[in-house]
Every structure is written in structure tokens, then in C-alpha cells.
Amino acid sequence: MSFLSRVMVLKSKAHFSASTMAGADHAAFEGARKKRASQAKSRVGLLIFGFVCFYGVIGGRLVQYGLTQQETVSSIAPADRLMASRPDLLDRNGEVLATDIRTVSLFAEPHRIVDVDEAIEKLRTVLPDLDTRGTYQKLTNNSRFQWLRRQLTPKQQSQILALGIPGIGFRPEKRRFYPGGPTAAHVVGHVNIDNRGVAGMERYLDSQGLADLTALGMTSDQPLEPVKLSIDLRVQAIVREVVVNAIQKFQAIGAGAVVINVHTGEILAMASLPDYDPNNPAEGAKEGWLNRMSNGTFEMGSTFKSFTIAMGLDEGGISLGSTFDARFPIRIGGFTIKDFHGKGRILSVPEIFQYSSNIGTAKIADTVGTEGHKEFLTRLGLLSRMQTELPEVAMPTQPRQWKKINSITISFGHGVSTTPLQTAIAGAALVNGGKLIEPTFLPRTVEQADLVAKQVIKPTTSRDMRFLFEWNGVNGSGRNARVEGFNVGGKTGTADKVVNGRYVHDKNFNAFLSAFPMDKPEYVVLSFIDEPKTDKGNGAALAGTSAAPMVHDIITRSAAILGVKPKFGKDGSALLVSY
């Protein structure tokens, strides 16, 4: 092969080799490029997938929030408990004394408030009395829930909604409403802002398990079975009006009255003034919350002579025909016991009762003795805490050690302090045949009462006491309580009050313990006036001219409502009781 041919062959091989190498480099380049493109697509796909997952989670949570009701964290009470019902309270005839009404309360979620100052400024346009400083502290703390105003009116709710404040909301609640206002305040009681009973029969309901059921979430917003009380709203309104008038007439610091069924112990009406409106109990917190009838203790004065004479008749071996020398004062332990208006002669038992003789009463107590005296008053429930549904019941006070001087003064109502209500209950035992029946604010039949009654005096003693009550009503200090046709009888009590350990003569506690009709008693009525102004010439100095007329007015207006029929003779005059 020639030289040129070899050169051509070599060139040809070199060209082929170069071409082959170039092709290989190009293929490698193309493969790398495709690989990088594939990797880029994978990265973009992963990035898109990540974004889809991220926003998918956010969207899912938003849907979840939109479809489910978010529970607001409350340190006060869950929503179901705020809407938990309380049973209606009714009087014995079905009239509503207390019921639930729906309302709303304003709350804030501080972490959602955008501008605290602006929010407060807007709220004050609807709630001008809003506490600015306190609200600012609530809206700037780290909590997630704060009450701003409980129990709004529908108009206030509408106006606040129109403000469009973010982070402000409303929660449904139930509010207790008392249609009669203060008419039966101390009996019905009231609830707090969370609808929990704090006084009266409202508190009694909670003590019977309602509060525990509410705390466990076992109550609902469905109405509960109403609870009927023994109160007759018609008589209650009369009694309270009479007490209000007495407060105004005698310018007293307090007054009260109660009507009790002597055979069942049911309280038909009970009023104590000052009182308050349960719809706004805070306004009466200073004076009105004290129930003087059951939670105030007083020396009941000469009304206690009823129990002393009953004790003498029952245990001392005396009779209505017995007599006692009341001519001379009794001197004992440095004290002198004398009569306010002494007759200066020997008195029979009815005269001792009629003239309210301290000397005669003390001598009757002496026929029983100190220990027997203490035991008798304990038996009548006058020295122990009274048992009833009402939570506000005070414990009586008595001497730590009973001596003869204590027995003498206690015989006419000085030295022992009891509540007016338990005095009335003991008085019912004197006229109902001798049975002590614990008072109740719930309906009770005679048969049910007999199961809890205790025979504390003989029926014959009760008969004699009915005679004495009638005797004093006709001839003595009870004349101003007489209502024609109803044979009202009773005993007055005018007691000097103790101030700084000493009796003062210008501060009286006047009471009248009565029953009617005395031939067959059905009701006891007790009234009292606390510190009437005795310098006004209005008869406030004596119970016979202040407390007794209250009983007259109550019986005159309520006897027909209570179903008691008057008794008149053929000539139209009232019949007197014969024993």
C-alpha cells in the first residue's frame, strides 16, 4: 500500500476514533442533563406536595372550627351549669314566689382584644357604670376568659352586638326572678349571681341536694318540679303591710309578725322589717338581711308570764283559783322585784295574768323551783335552737348557771333571750292541747304533724291557758287586739332593752302573743315592735297600744282568707267563750 493510502487510512481511523469519542461525550452530557431535569422536577413536586399538605391542614382546622362549637374556658362555671334550672317556689295556692328567666352575660377573651382602650370606650357607651380600671385589668391579663357584666337586658345585648368589638361575646344564663319583690323576702330568700341559694328557702333547696346535682352537671335547662311552700301569699302581703305601717307609725328600728297554724305548725305568713328585694339583695345588705323573727334574739318580756303560769298549772300544784300575795316587793340578791302598776293586794291567777304582776308570777315560779323551771322551758323549746327548714335560726341565750334570782327574773321575761318565732311556736303549744310542733315552711297535714308532735303540757293546762288568754283579751292588755266575732286572746310583753349590760328605760321591745278563736284556736299570731319612739305620744311605750293593734289589723283583714268564721249572738254581738 502506498504512503498516501496509508495516510488516508490513518486519517480515516483517527476521524472515526474522534467521532466515536465525541459521540460518547455527547451521550454522557445528555444523560446528565436529563438526570438533573428529573431531579429538579422531583424537588418541585415535593415542594408542591409540602405546600398542599401544609395548607390542607390549615384548611381542615378552619373547617373543624367552623363546624364544631368551641368551648370557652371559664373559671366560673360551664355553660350547661349556667343554664341549670332551679325549681319554681310556689305559695300554698300555687302563686309563683320565685322562678327562672333566661338572660345573657357579657364576657371577654383578652387574647383576642385588638385595642383595649377602644373596647372599653365603646362598652361604656352602653354600660356607663362600667368600672374602667377593673375592666382594663381584666382585658390586659393573660387569662382566656373574663366576665365583664352578668345578666344583661336584651336591649343592652343588642346595643353591644352593634358595636362589633372583637373578643367580646355573650353566654346564656338563668336569672332568678321574684314577682312579689320584698313581700316574702325572708322566707323565700335569694340566690347569688351564679343562681345558688344563699338565704331562706332558696338555700334550703340547695342543702337538700340541688347544689350537689348542679355541681355534678346532673341538672339541665329543663324545668324542674315546683316546690310548694306553706306560705299564703295573700296573708303574707297583709302581714307585711301591717308591719310596714307599724314601723312608720312608731318610728321603730324593726318590727315583725307571724301567723302559724296551731295544729300543723305551718307558717302561713312571716314578715320582718327592715327587709330587702330579693331581685336586688345587695341594696338591703346593711339591715334588711337580718330576719328578726327567726334569727334575732330578744328578751320577750311579759309574754313569758304565759309560760310561767302554764308551768305552775302543769307542775306546781296550783289552779286558776289559787291566790298569791302581791302586796310587797320581793328583795333578793340586792335586787328588788316589784310590779309596774301594782294592785297592793292578794291576786288570783287570772288577775296575776291580767295585771301582769311580776311579784305574783315570781311566786308561781317558786312553786316549781329553779331546776324545774329550766327543764320546763327546755321542754317547750325556748332554750334550744329551733329546728325548721329556714337556715337563718338563732340560738337562744340563757344564764350559764341558773340561780333563784335567775328563775325569778326569767319568770317575767328578763334574763333569757329567744327568737320571736320560737316564742310563737311555744305559745301554740299552750292553746292547741299541749302539743309542741316544730314549725315548717312546707305544707303539712294534721296527721303528719301528729307524727312529730310532742306532748309538753297536759290538755287541762292548755284549756286553762285558753281561758287566761281570753280573759286578758277581754279584761286586760289584749283589748286592743280584739276583733269582734273572733275571740282574740293573748298576752302583751313590754321589755326594757339591754344596752352595754344595763337595762335602759327609753328603748323598749314590745310584743304581743295571741291566738284565735279562743274557743277552738286555729292560729297563733305574734307581733313585735323593736325600739319604738316612746316620746311621740303615739302609744309606743306599751305593747298593748303598739304591738296588740298590729294583731288586730292582721286578724281583721286575714281571718276570712284563713277560713275562720266569726261567731255572733242573736243580737249581733260577739259571743264570749265559756269554760
Side-chain angles (χ1 to χ4, degrees), residues 235 238-252 254-259 269 271 273 300-306 340-341 350-357 413 420 423-424 427 431 465-495 508-519 521 523-560 562 564 566-568 573-577:
V235 181
I238 291 170
V239 169
R240 184 180 183 273
E241 184 176 335
V242 169
V243 174
V244 168
N245 292 339
I247 284 271
Q248 295 173 349
K249 179 178 179 179
F250 301 111
Q251 300 178 33
V258 64
V259 179
L273 264 76
M300 298 300 296
S302 293
T303 59
F304 252 55
K305 291 173 182 173
S306 306
F340 184 63
H341 290 297
E351 288 177 324
I352 290 172
F353 197 71
Q354 174 185 347
Y355 299 128
S356 199
S357 170
T423 304
V431 300
M465 290 308 302
R466 291 197 296 272
F467 169 80
L468 291 176
F469 270 48
E470 170 76 2
W471 177 272
N472 193 55
V474 175
N475 304 301
S477 58
R479 290 190 298 270
N480 289 328
R482 295 287 289 185
V483 179
E484 191 173 6
F486 291 102
N487 295 325
V488 181
K491 183 71 184 77
T492 53
T494 303
N508 292 350
F509 182 86
N510 299 343
F512 186 68
L513 171 63
S514 70
F516 78 101
M518 289 314 307
D519 54 326
Y523 297 97
V524 157
V525 182
L526 182 143
S527 64
F528 73 83
I529 294 282
D530 189 7
E531 291 190 25
K533 295 295 184 294
T534 58
D535 59 346
K536 303 299 180 181
N538 54 9
L542 299 175
T545 50
S546 58
M550 293 173 62
V551 170
H552 171 274
D553 294 344
I554 290 171
I555 295 175
T556 299
R557 298 173 58 185
S558 66
L562 294 170
V564 181
K567 296 180 180 179
F568 298 97
S573 61
L575 287 175
L576 296 180
V577 181

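- Rounding to the nearest 0.5 angstrom, the gap separating the NZ atom in Lys567 from the CZ atom in Phe486 is 11.0 Å.
- Val564 places a side-chain heavy atom less than 4.5 Å from the side chain of Tyr523.
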- Go through the steps to decide whether Ser356 and Lys305 satisfy the test side-chain contact (heavy atoms from CB on, under 4.5 Å), and finish with yes or no. CA-CA 8 Å; Ser356 199; Lys305 291 173 182 173; 2.7 Å; yes
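- Ala540 approaches Lys533 most closely through the heavy-atom pair CB-O, 3.4 Å.
- The minimum heavy-atom distance linking Lys491 with Ser306 is given by the pair CB-OG, 3.4 Å.
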- Message: Apply side-chain contact (heavy atoms from CB on, under 4.5 Å) to residues Met550 and Ile529 and explain how you reach the verdict.
- Response: CA-CA 9 Å; Met550 293 173 62; Ile529 294 282; 3.6 Å; yes
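- Side-chain contact of Lys249 with Ser546: a donor-acceptor pair under 3.5 Å is absent, judged by distance alone.
- Using a 4.5 Å cut-off on side-chain heavy atoms (C-beta onward), Val259 and Leu562 make contact.
- Scanning all heavy atoms of the two residues, the minimum distance from His552 to Asn480 falls at CB-O, 3.3 Å.
- In this structure, Thr556 OG1 and Arg482 CZ are separated by 12.0 Å, a value rounded to the nearest 0.5 Å.
- Between Ala543 and Ala511, the shortest heavy-atom contact is CB-O, 3.4 Å.
- The CG atom of Asn510 sits 4.5 Å away from atom OG1 of Thr494, with the distance rounded to the nearest 0.5 Å.
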- Query: Could you go step by step and tell me if Phe250 and Asn508 meet the side-chain contact (heavy atoms from CB on, under 4.5 Å) rule?
  - Reply: CA-CA 12 Å; Phe250 301 111; Asn508 292 350; over 6 Å; no
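- Panel note: side chain Arg557, backbone Ile554; no donor-acceptor pair is recorded below 3.5 Å.
- Ring pair Phe353/Phe469 is parallel by interplanar angle, where below 30° counts as parallel and above 60° as perpendicular.
- Contact annotation: the side chain of Asn472 approaches that of Ser477 to within less than 4.5 Å [non-hydrogen atoms, C-beta and beyond].
- Pro521 and Val431 make their closest contact through CG-O, 3.7 Å (heavy atoms, listed as atom of the first residue, atom of the second, distance).
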- Which is it for Leu273 and Arg240 under the side-chain contact (heavy atoms from CB on, under 4.5 Å) test, yes or no, and what are the steps along the way? CA-CA 8 Å; Leu273 264 76; Arg240 184 180 183 273; 4.2 Å; yes
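- At a threshold of 4.5 Å between non-hydrogen side-chain atoms, the residues Leu542 and Thr492 do not count as touching.
- The two atoms that bring Val488 and Ser514 nearest to each other are CG1-CB, 4.3 Å, heavy atoms only.
- Rounding to the nearest 0.5 Å places CE of Met300 at 4.0 Å from OG1 of Thr423.
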